[in-house]
Every structure is written in C-alpha cells, then in structure tokens.
Amino acid sequence: MLHVIVGPDRALARKALDRVLADADPNGLDTDRIDAATSSFDAIFAAVTAVPFFGSRRVIVLTGLLPQPATKGGRGSKGKADSDVGRLVAAIPETTTLVLFEPDLGELSATVRKQLPKDVEFAANDAPRGNTLLELVAHLAETNGSRIDGETARRLLDRLFPGYWMQAPQNRAFDKPPSVEQIESEIGKLALAAYPDAITSQLVDDLVPQRGEDRIFPLLDAVIAGNQRGALAHVESAMRAGEEPSRMLNQIYQQVELAVGAVASGRPVDPLQAGRALGINTAYRMSRVTESAQRGRVKPARQLELALETDRRMKSGRLRNPDETLVELVVRVTTPTKNR
C-alpha cells in the first residue's frame, strides 16, 4: 500500500502521518524511517522491497524522495529523479506499507503524479484560513485548558500572520500562509500565562511578537496619506530589516488600487462590506485604507496613474532594479504637485 503525505503545513502533515501509522502499525514496532537525502536510491530500493520475516507487515516512512518544484526550493534535499519514484512505487511488496512523507512540499509535480497509482492514498495539508482557522484557534485553546474569544483570536492571528490569514492573496508568490505549528506554540504559551482564566488581548499584545510584515502596514499608510518623509523612512527601515523591494513594490501597487476603490462613488458604507468587495476581510484594515485615502495629499486616482507610469518605466528598462523602482514609486505617488 502507498500513502503520499505532503504539506505545506508541517504540523498538519505530521498529524496525518500519525493517523496512518496508528492504523498501519499501532505498536510502532514494524515502522522504519528513511531519509532519502542521506541514502542512495539502491539502498532505498532494497529497504522498501525487502520481504519481512515470519509473514509480518512492514511500514516504511520515506522522506525526501519526491522532487521539489523548481519554484519552491528544497529543504535539505532536492529529491531523487522522477524516474526513481515510478520504479520504487511499482516494486512495493504487498506486505509493505510505504509512506512518502514530504511535510515541506505543497504540491506534486505533474511528472510525479503520472507515476503514482490511481488508488494512492494522497493527503495534502494546507493550513486553514478565515473562520475555519478561528475555530482551530478556539479548539487549541480548549485543548490547552483555556478559552479565547473571537476578537482575541483575530488579534492573535493579525500579529502572527498579518494580511493573509483570512484568505490567500491573488499573487501566491507573496503569500505567507498560517503555520499551525506556530499557532500551537503560541496558544500553549498564552494558555499557561492566563491559567486559570481566559486568554486576553492584553496577553496577546504582551507575549506574542509581531511578524516582520507589520512594518509594511505603516509604509502603506504613509504612502496613501502622501506622507513622503515617513514613507521613505519606512522604506529604509524595512530594507535594513531584509524586506524584499519587489515585495514592497507589489504591496504598494495593491494598496493604491484599494485606495481608489475605497473612495470610489457608490461604494458600500459599511467598511467590512466594502473591504470584502475589494478582497479585505477586516473592517479595521479597510477603515485604515479609507481614512488614509481621504486625508491623503495626493488623490488615489492620481497615485494610480503615477504607479502605472512607474511600472512601465521599470518594465521598459528605464529603472534598473527593484530598489531604485521602489524609491522612485514612493517619491512619485507622495508628491502632491503634478510636475516633480
């Protein structure tokens, strides 16, 4: 029998592996673990195809065999060749349960999928988002002997995974998905600190460090408000902290588009309703966008025009790199006069 368990969420992938092992080898005595990064394919093949003694069954957990997609990068191992996967799968004895376990891999390549049998037990483990993630936070608090209300859970997730815990961005290259493993760690810490009471927002503020992405939001607010000095200071701070200029560019472009929608005529009055129409699922964030756009020194429509012009200058080669383009964009969209 063949099981394939992938991530990209490591905690959920481990839970899926535990379920398979609990069913295939409850006492854990017949399970072997192999890391393909430190074993030759011949050694792996010999271990998988070996017949167990006395007619017993074997369970093998093999990590690092599946090739990593080129856009993702590996974690320790680049995986064996695609052809090796097909050879190994075809040779699995009836007495052996093979688990291909790749907790850091989010998806399988098309080539690998073609080599897997149609009846393979496949489990992908992506972290939940939105209300499902809020329910998971509440469940983890109960598991740790504590309680957490919805507003506090939102505050926790906003600190850990700002921007994208409600839903993934359209450009997945800039996605920072929630980590169940990290949530479990933070909930355990908060539950212990709050015992025997419920987890509070104050505890979250005191004990949960903010993610590096939080430095992006002050930059975006300063850009939309036309605060050039503040925006450039935030750019300098973010770049010193290791933020990617291309990512900040993408965020500013998106924020300018949101600002145009936030002040457009006919928009919903309710910030949450307006935000959902534009892809923002928190009223607070939408209110911030609207407030910054309304009090800004440069009209959002003009900022959008300047942003598009800057993007064309970069794509045509007149701006040499993302660093230069980022500074150019911030200066242009925060300059109140039409001519610089």
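What you see is a predicted model; the values in this text were computed from it and never measured.
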Participant: Rounded to the nearest 0.5 Å, what's the gap from CD on Gln255 to CG on Asp221? Could you check?
Facilitator: 6.5 Å
Participant: Pairs under 3.5 angstrom only: tabulate donor-acceptor contacts from the side chains of residues 17-26 to other protein residues two or more places apart or in another chain.
Facilitator:
from	atom 1	to	atom 2	distance (Å)
Asp25	OD1	Gly28	N	3.3
Asp25	OD2	Leu29	N	3.3
Asp25	OD2	Asp30	N	2.9
Asp25	OD2	Thr31	N	3.1
Asp25	OD2	Thr31	OG1	2.6

Participant: Any side-chain heavy-atom pair from Glu257 and Leu304 closer than 4.5 angstrom?
Facilitator: yes
Participant: Let me check something: do Ile5 and Val112 share a hydrophobic cluster, defined by ILVMFWY side-chain heavy atoms less than 4.5 Å apart, either directly or through other members?
Facilitator: no
Participant: Are any non-hydrogen side-chain atoms of Leu134 and Leu157 less than 4.5 angstrom apart?
Facilitator: yes
Participant: Report yes or no: do Leu219 and Val333 belong to one cluster of Ile/Leu/Val/Met/Phe/Trp/Tyr joined by side chain heavy-atom distances under 4.5 Å?
Facilitator: yes
Participant: Decide yes or no on salt bridge (charged side-chain N to carboxylate O under 4.0 Å, His left out) for Arg302 and Glu309, but give the supporting numbers first.
Facilitator: CA-CA 11 Å; Arg302 175 61 179 160; Glu309 184 178 331; 5.6 Å; no
Participant: Stepwise, does the side-chain contact (heavy atoms from CB on, under 4.5 Å) test hold for Arg14 with Glu181?
Facilitator: CA-CA 10 Å; Arg14 284 200 304 270; Glu181 185 174 46; 3.1 Å; yes
Participant: Looking at CG of Asp104 and CG of Leu66, how far apart are the two atoms once the value is rounded to the nearest 0.5 Å?
Facilitator: 12.0 Å
Participant: Which atoms form the tightest heavy-atom contact between Thr334 and Ala222, and what is the distance?
Facilitator: CG2-O, 4.4 Å
Participant: Are any of the side-chain heavy atoms of Val331 and Thr335 separated by less than 4.5 Å?
Facilitator: yes
Participant: Could you list the residues that satisfy side chain to side chain donor-acceptor pair (under 3.5 Å) with Thr152, not counting sequence neighbours?
Facilitator: Asp149, Ser201
Participant: Can Arg129 be said to sit on top of Phe161's aromatic six-ring, NZ or CZ under 6.0 Å from centre and within 45° of the ring axis?
Facilitator: no
Participant: Count the heavy atoms of every other residue, nucleotide or ligand shown that sit under 6.0 Å from OH of Tyr195, and state whether that count exceeds 12.
Facilitator: no
Participant: State whether the number of non-hydrogen atoms from other residues, nucleotides or ligands found under 6.0 Å of Lys189 atom NZ is greater than 12.
Facilitator: yes
Participant: Measuring from Leu100:CG to Ile60:CD1, what's the distance to the nearest 0.5 Å?
Facilitator: 10.5 Å
Participant: Within the 4.5 Å heavy-atom criterion, are Ile92 and Leu2 side-chain neighbours or not?
Facilitator: yes
Participant: Could you tell me whether a side-chain N or O of Ser39 sits under 3.5 Å from a main-chain N or O of Ala36, the two making a donor and an acceptor?
Facilitator: no
Participant: Applying side-chain hydrogen bond (donor to acceptor under 3.5 Å, both in side chains) to Thr95 and Arg57, what does each step give before you reach the verdict?
Facilitator: CA-CA 5 Å; Thr95 53; Arg57 297 195 60 84; over 6 Å; no
Participant: Taking C-beta and beyond as the side chain, do Val327 and Val330 meet within less than 4.5 Å on heavy atoms?
Facilitator: no
Participant: Ignoring hydrogens and geometry, is there a side-chain-to-backbone donor-acceptor pair from Ser146 to Glu142 under 3.5 Å?
Facilitator: no
Participant: Considering only heavy atoms from C-beta outward, does the side chain of Ile34 approach that of Leu65 to under 4.5 Å?
Facilitator: no
Participant: Over all heavy atoms of both residues, which pair between Asn125 and Ala16 is shortest? Give the atoms and the distance, please.
Facilitator: OD1-CB, 3.8 Å
Participant: Test Gln202 against every option in Asp206, Asp205, Thr200 by the side chain to side chain donor-acceptor pair (under 3.5 Å) rule and name the one that passes.
Facilitator: Asp206
Participant: Just do the side-chain contact (heavy atoms from CB on, under 4.5 Å) check on Trp165 and Leu160 with the steps written out, would you?
Facilitator: CA-CA 9 Å; Trp165 68 265; Leu160 293 176; over 6 Å; no
Participant: Rounded to the nearest 0.5 Å, what separates atom CG in Leu329 from atom CE in Met248?
Facilitator: 11.0 Å
Participant: Would you please name every residue forming a side chain to side chain donor-acceptor pair (under 3.5 Å) with Asp32, sequence neighbours left out?
Facilitator: Arg58
Participant: Do Val61 and Leu116 share a hydrophobic cluster, counting only Ile, Leu, Val, Met, Phe, Trp and Tyr and linking them when any side-chain heavy atoms are less than 4.5 Å apart?
Facilitator: no
Participant: Linking I/L/V/M/F/W/Y whenever their side-chain heavy atoms sit closer than 4.5 Å, directly or via other members, would Val180 and Phe101 fall into one cluster?
Facilitator: no
Participant: Is it true that Leu308 and Leu220 fall in one hydrophobic cluster, defined by side-chain heavy atoms closer than 4.5 Å?
Facilitator: yes
Participant: So do the side chains of Pro300 and Ile224 get within less than 4.5 Å of each other, counting heavy atoms only?
Facilitator: no
Participant: Answer whether the closest heavy-atom distance between the side chains of Gln115 and Arg87 falls below 4.5 Å.
Facilitator: no
Participant: Give me the atom names and distance for the closest heavy-atom approach of Ala124 to Val6.
Facilitator: CA-CG2, 3.7 Å
Participant: Looking only at non-hydrogen atoms, find the nearest pair between Arg147 and Pro196 and report the distance.
Facilitator: NH1-O, 4.0 Å
Participant: Calculate, to the nearest 0.5 Å, the distance between atoms CG and CD1 belonging to Asp35 and Ile44 respectively.
Facilitator: 8.5 Å
Participant: Once you round to the nearest 0.5 Å, how far does CG of Leu190 lie from CD1 of Ile148?
Facilitator: 7.0 Å
Participant: Check the pair Arg247 / Gln251 against side-chain contact (heavy atoms from CB on, under 4.5 Å), numbers first and verdict last.
Facilitator: CA-CA 6 Å; Arg247 180 173 179 270; Gln251 293 277 6; 3.6 Å; yes
Participant: If you look at every heavy atom in Val260 and Ala301, which pair is closest and at what distance?
Facilitator: CG2-N, 4.1 Å
Participant: Count the heavy atoms belonging to other residues, nucleotides or ligands that lie under 6.0 Å from CE of Met1, then report whether that count exceeds 12.
Facilitator: no
Participant: Would you say the side-chain atoms of Asn131 and Glu135 include a donor-acceptor pair closer than 3.5 Å?
Facilitator: no
Participant: Are Glu328 and Arg313 within salt-bridge range, i.e. N to O under 4.0 Å?
Facilitator: yes
Participant: Mind listing the closest non-hydrogen atom pair of Leu98 and Leu88 along with its distance?
Facilitator: CD2-CD2, 4.2 Å
Participant: Using a 3.5 Å distance criterion without hydrogens, assess whether the side chain of Glu324 forms a donor-acceptor pair with backbone atoms of Arg320.
Facilitator: yes
Participant: Would you confirm whether Thr132, through its side chain, and Pro128, through its main-chain N or O, come within 3.5 Å as a donor-acceptor pair?
Facilitator: no
Participant: Looking at Arg159 and Glu186, is any side-chain nitrogen of the basic one under 4.0 Å from a carboxylate oxygen of the acidic one?
Facilitator: no
Participant: For the pair Leu249 and Met314, evaluate side-chain contact (heavy atoms from CB on, under 4.5 Å) and give the outcome as yes or no after the intermediate values.
Facilitator: CA-CA 11 Å; Leu249 277 171; Met314 182 183 69; 4.3 Å; yes
